[in-house]
Amino acid sequence: MLPQTLSHHPLENPMRWSRYYLFTTREVPADAEVVSHRLMIRAGMIKKVAAGIYSYLPFALRSLQKLEGIVRKELEKADCVELSMPAVQPAELWRESGRWEQYGKELLRIQDRHDRDFCFGPTHEEVITDIVRHDVRSYRQLPLNLFQIQTKFRDEIRPRFGLMRGREFLMKDAYSFHADEACLDRTYRAMADAYGRIFQACGLDYVSVDADSGTIGGSSSHEYMVVASTGESVVVRCQESGYAANVEKAIIGPLPTAPAEDPQPLLEVATPKTTAVAEVAEFLGVAEEKVVKTLIYEVDEALVAIAIRGDREVNEVKLKNLLDGDVVVLASEEKVRQATGSPVGFAGPIGLSEEVRLIADPTVRGLTNFVCGANKADAHFTGANWGRDASPQQWEDVLLAQGGDPTPVEGSTGVLEQFRGIEVGHIFKLGTKYSEAMNCNFLNEEGKGHPMAMGCYGLGIGRTVAAAIEQNFDEDGIIWPMPLAPFQVLLIALNPKDDEVVRQAEALYDQLRERGVEVLYDDRKGRPGVKFKDADLIGLPVRVVVGAKSLQEGKVEISLRRDRERQLVDVADAVGRVQEWIEGEAT
RNA sequence: CGGGGCGUAGCUCAGCCUGGUAGAGCGCACGCUUCGGGAGCGUGAGGCCGGAGGUUCAAGUCCUCUCGCCCCGACCA
C-alpha cells in the first residue's frame, strides 16, 4: 500500500454520506463470533471475498490508513526507512534460506506460466536479505533498518474472526541489519520503544511479553498483546516483579512442595477403570499434586514419556523446542501400549520400555511417596520415590504456566495473573540465521567478512484495528479511539426536509472542513431513528446533530460517542467546541 | 488433516424427517400517513433451492459424487 495522506485540502474531499460508500446492516451472519468481526460487518467496513480474504471498504480503509500514519511516524523516529517489496516471491530465495522445505502448507505456493515456483509472501526475510547483501559491503554502511506496509498471505489452517485471523492481511514488517549483536540490541530496544509509542498513540491497553520465536527463528522475541477477552493468546503477568510472558514461553518460580516424608515401600494397588488423575487421586484419597502424571509423546519416530505433577498441564511449545522435533503429538493408543504395556491412563515412570526416554518436569522433583501409573491395566503405584524406583534421563521445564503461579523473578513474592490478549506485534532478534544461509556478509574494520546480525519486527495493521474495536465498543456499536477513527466527526442533518436544518448543517459542514476537521456529513434522506442508530454503530468520536427543535433556539447538539452526554451549544460556538473536543480526545 | 454442520430472494433464515403450486422477516421500488432513537398501511420487483449424476409419474425434499462455506481440535502479525 502506498503512502497516503489524510490531510488533503478539505474542500476537495466532500464526505457526504449520501455520496459515500458506507452501507450499514442490521443483520449479521451467525458465524461472525467476535465483536470486532460483527461490528465491522454491520458498520459496512469489510466484505468477505473468500475464506479469510476480505475487501476493505472505504470506511475501514480510512482507519487502516490512520494506523499506517501513526506507524510511519513512530518508525521514522527510530530511523527506520520505508520501502516496498513484492508480494510474490521466487522459490529460489526460499530454497536458499531452507524455508521452502520447512515452511509447510501455510506458504501459498504458486507456479507461473513456465511452471517456475513462486510463493505469495507470508513474510520477507529472504527478499530483504537478498536486497541488502547486494548493496551493503562494509560495516560503515551499517546499521540499517527498513520497513514496509504490505499485503501478506498465510494459508492459515483455520481463518476466523474477520480481520483478526485472515489469510490475506496487512502487515508492517521491518528488518534491521547490524555489524554486531550489541548494535542489534540497541535497535531492538529502539523498536520496542517505538511499538510502545504506537500502541499508546492508538489508545490501546497493551502489554509486551516474552514470546516463543516459532518458525521465524532467532534468539530473543517479544510480543505485543492487546488485552481482550476474545484474544487467541494467553498471557501471564506479574505486576509486582514486572514479568510478563506468553504462556507458550512462560516460566514460573518454584511451586511450594509438601515436606519430604520418610520413604514408604513401593506398593502396587488396584485402581480399576481410574485413568484420569482426578479419579485416581479421589480413589486413593490423595491430593492431585501427589500424583505424577505421565504422558507419552510421539516425537517424529521416537517415543518420549513426560512426567509432570498430576494437576498440571504440559506446555507443548516448550516440549517441541526442547525435543527439536518436526512433529510432537500425544502418542496413539497403540504407541502407548507399546511404550507402557498398558492401555492409556496407567502410564508411569517406573518400568517403562527401554526405548522410551523419560523426561520429568521440576514440579515432581520434590515429591516423596508419590502416586503414579503402574504401566499395567487397572493398577497404580503408591509410595513411589525418585532415585529408588525411577530416574528420569532428564529434568526439564515443560510446565504450562497458569494464573496463581509464583513469578520466576528471584527475590519477588509476586504471583502471576492470567489473561487473554490479541497478538498485534511481534519483534525478534534473528541473529545470523538468514544472513549466514544467504551469504549476507560485510567487511569489518580488519577487512574480514562476517554475516550481519539481523532483527525483524512485525505489526499486524488489520489486526490492530480489529483489536481496537475489540477493546472499544458497547451494545450499540463501535466507540472509535480518536487516533484510529475513520472520521473525527459525524455531522447529522436530522430533518433533511427542513430547509433551515439543511442550511445550517451545510454551513457547519463547510466550516468544519475549512478548519481541516475530518467530518462525515449525514445528509441522507432518512428518518432520525435510523440516523441515530447508524451514528452509534459506526461510532465516530464526536457527533453533531442539527435538528429542527434545537435549531429554533439557535442551538445544535454535540456529544461524544464515549459517553453520549449531549450538550446544546449555540450554532456559532459549535465549530470551536468540536475542535476543542477533538483536541481533548486526541490521547 | 480428523470430527460435526450449512449451501433456498440482495441479507438473515424457515421449508427437507413424512416427495405433489417457492416461503417469512429485513432490505429494495412506488403511494398515502408518519418524522428526535432502526415507523404504519397498501402495492410491487426479485429464485436454475451451490453444481453434476441417479431413484421416481413427480425431487428444494430421497441416494451418490463434487464444489464452496462454517464450527470444534494441531499454526501465527
Side-chain angles (χ1 to χ4, degrees), chain A residues 23-33 37 41-42 44 47-53 71 103-107 122-124 149-161 163-174 195 211-216 221-226 231-233 246 248 298 316-317 320 326-330 332 421-428 456-467 476-477 492-498 501 525-537 543 545-551 556-557 564 566 568:
Chain A
F23 304 103
T24 60
T25 61
R26 242 199 279 205
E27 289 177 295
V28 90
D31 57 62
E33 294 177 288
H37 189 192
I41 289 176
R42 286 200 55 208
K47 177 91 186 135
K48 185 164 80 176
V49 179
I53 300 178
V71 167
Y103 214 94
K105 290 207 197 163
E106 231 177 85
L107 185 64
T123 175
H124 283 69
I149 293 175
Q150 212 232 21
T151 296
K152 312 234 180 254
F153 196 95
R154 287 185 194 166
D155 202 352
E156 292 280 349
I157 295 165
R158 199 143 84 76
R160 56 188 138 175
F161 301 158
L163 294 197
M164 291 238 301
R165 179 178 292 273
R167 292 194 293 171
E168 188 178 296
F169 57 99
L170 258 184
M171 179 164 123
K172 184 286 299 176
D173 49 327
Y195 272 45
D212 182 70
S213 47
T215 51
I216 300 204
S221 116
H222 285 83
E223 288 168 335
Y224 289 78
M225 299 285 188
V226 167
E232 295 184 88
S233 305
N246 191 315
E248 291 178 349
E298 264 182 88
E316 294 194 1
V317 175
K320 206 167 173 171
D326 290 333
V327 185
V328 175
V329 285
L330 271 173
S332 63
I422 301 165
E423 183 190 352
V424 289
H426 199 161
I427 63 178
F428 303 80
C456 96
Y457 317 89
L459 192 156
I461 300 289
R463 188 182 274 190
T464 300
V465 170
D476 293 312
I492 301 177
L494 200 60
N495 322 94
K497 287 177 191 160
D498 181 315
V501 165
K525 308 271 179 276
R527 302 168 55 81
V530 173
K531 295 188 168 204
F532 285 128
K533 288 291 180 190
D534 273 344
D536 288 343
L537 176 60
R543 190 180 82 180
V545 178
V546 183
K549 283 185 188 166
S550 33
L551 203 55
V556 294
E557 176 191 294
R564 289 193 278 201
R566 305 170 199 182
L568 287 175

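Below, chain A is the first sequence line, B the second, and so on; all start at residue 1.
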Open item on the list: Once you apply a heavy-atom cut-off of 4.0 Å, does Arg42(A) come out as touching a base, just sugar-phosphate, or nothing?
Closed with: base
- [ ] Answer with base, sugar-phosphate or nothing: what part of the nucleic acid does Val530(A) contact at a heavy-atom distance below 4.0 Å?
- [x] base
Task: Euclidean distance for P, rC17(B) against rC71(B) (whole angstrom) - done: 28 Å
Open item on the list: Roughly how many Å apart are rG25(B) and rG40(B), using the P atom of each and rounding to a whole number?
Closed with: 12 Å
TODO: Classify the nucleic acid contact of Lys48(A) as base, sugar-phosphate or nothing, counting any heavy atom under 4.0 Å across all strands shown.
DONE: sugar-phosphate
- [ ] Among rG36(B), rU34(B), rU12(B), find the nucleotide with the atom closest to the side chain of Lys497(A).
- [x] rU34(B)
Task: Listed nucleotide nearest any side-chain atom of Arg26(A), set rG27(B), rA77(B), rC35(B) - done: rG27(B)
- [ ] Please determine if a side-chain N or O atom of Arg158(A) lies less than 4.0 Å away from the OP1 or OP2 oxygen of rC72(B).
- [x] yes
Task: side-chain N/O Lys549(A) vs rC35(B) OP1/OP2, d < 4.0 Å - done: no
Open item on the list: Is it the case that the base of rG25(B) and the side chain of Glu27(A) share a donor-acceptor contact (distance under 3.5 Å, atom types as modelled)?
Closed with: yes
Open item on the list: Under 3.5 Å, is there any donor-acceptor pair linking the side chain of Arg154(A) to the base of rC75(B)?
Closed with: no
Open item on the list: Base, sugar-phosphate or nothing for Glu557(A)? Non-hydrogen atoms, less than 4.0 Å.
Closed with: base
- [ ] May I ask whether Phe169(A) stacks on the base of rA77(B), given the cut-offs of 5.5 Å between ring centres and 30° between planes?
- [x] yes
Task: Phosphate-side-chain proximity, Arg160(A) and rC71(B), N/O vs OP1/OP2 below 4.0 Å - done: no
Open item on the list: By the 4.0 Å heavy-atom rule, please label Gly166(A) as base, sugar-phosphate, or nothing.
Closed with: base
Open item on the list: Regarding Gly425(A), tell me which of base, sugar-phosphate or nothing describes its non-hydrogen contacts under 4.0 Å with the strands shown.
Closed with: sugar-phosphate
Open item on the list: Taking pairing as Watson-Crick or G-U wobble with both contacts under 3.5 Å, can you name the mate of rG42(B), or confirm there isn't one?
Closed with: rC30(B)
Task: 5'-most by nearest nucleotide on RNA chain B - Asp476(A) or Leu459(A) - done: Asp476(A)
Open item on the list: Please compare Glu168(A) and Gly547(A) by the position of their nearest nucleotide in RNA chain B and report the one closer to 5'.
Closed with: Gly547(A)
TODO: Quote, to the nearest angstrom, the C1' distance that separates rC26(B) from rG73(B).
DONE: 36 Å
Task: Distance-only donor-acceptor test (3.5 Å): side chain Ser550(A), base rG36(B) - done: yes
Task: Minimum-distance nucleotide (side-chain atoms of Arg527(A) versus rC35(B), rA77(B), rU34(B)) - done: rU34(B)
Open item on the list: Please give the distance between the P atoms of rA52(B) and rG60(B) as a whole number of Å.
Closed with: 12 Å
TODO: Name the nucleic acid region contacted by Gly460(A), choosing base, sugar-phosphate or nothing; use a 4.0 angstrom heavy-atom cut-off, strictly under.
DONE: base
Task: Nearest-Å distance once atom C1' is located in both rU64(B) and rU43(B) - done: 46 Å
Open item on the list: Taking the P atom in each of rA77(B) and rC67(B), what is the distance between them to the nearest angstrom?
Closed with: 32 Å
Open item on the list: Using atom P in both nucleotides, what's the gap between rG7(B) and rU34(B) to the nearest angstrom?
Closed with: 44 Å
Open item on the list: Please classify the nucleic acid contact of Asp534(A) as base, sugar-phosphate, or nothing, using heavy-atom distances under 4.0 Å.
Closed with: base
Task: Between rG27(B) and rG36(B) - C1' atom distance, rounded Å - done: 24 Å
- [ ] Side chain of Phe428(A) only, please: which of rG38(B), rA77(B), rA74(B) is the nearest?
- [x] rA77(B)
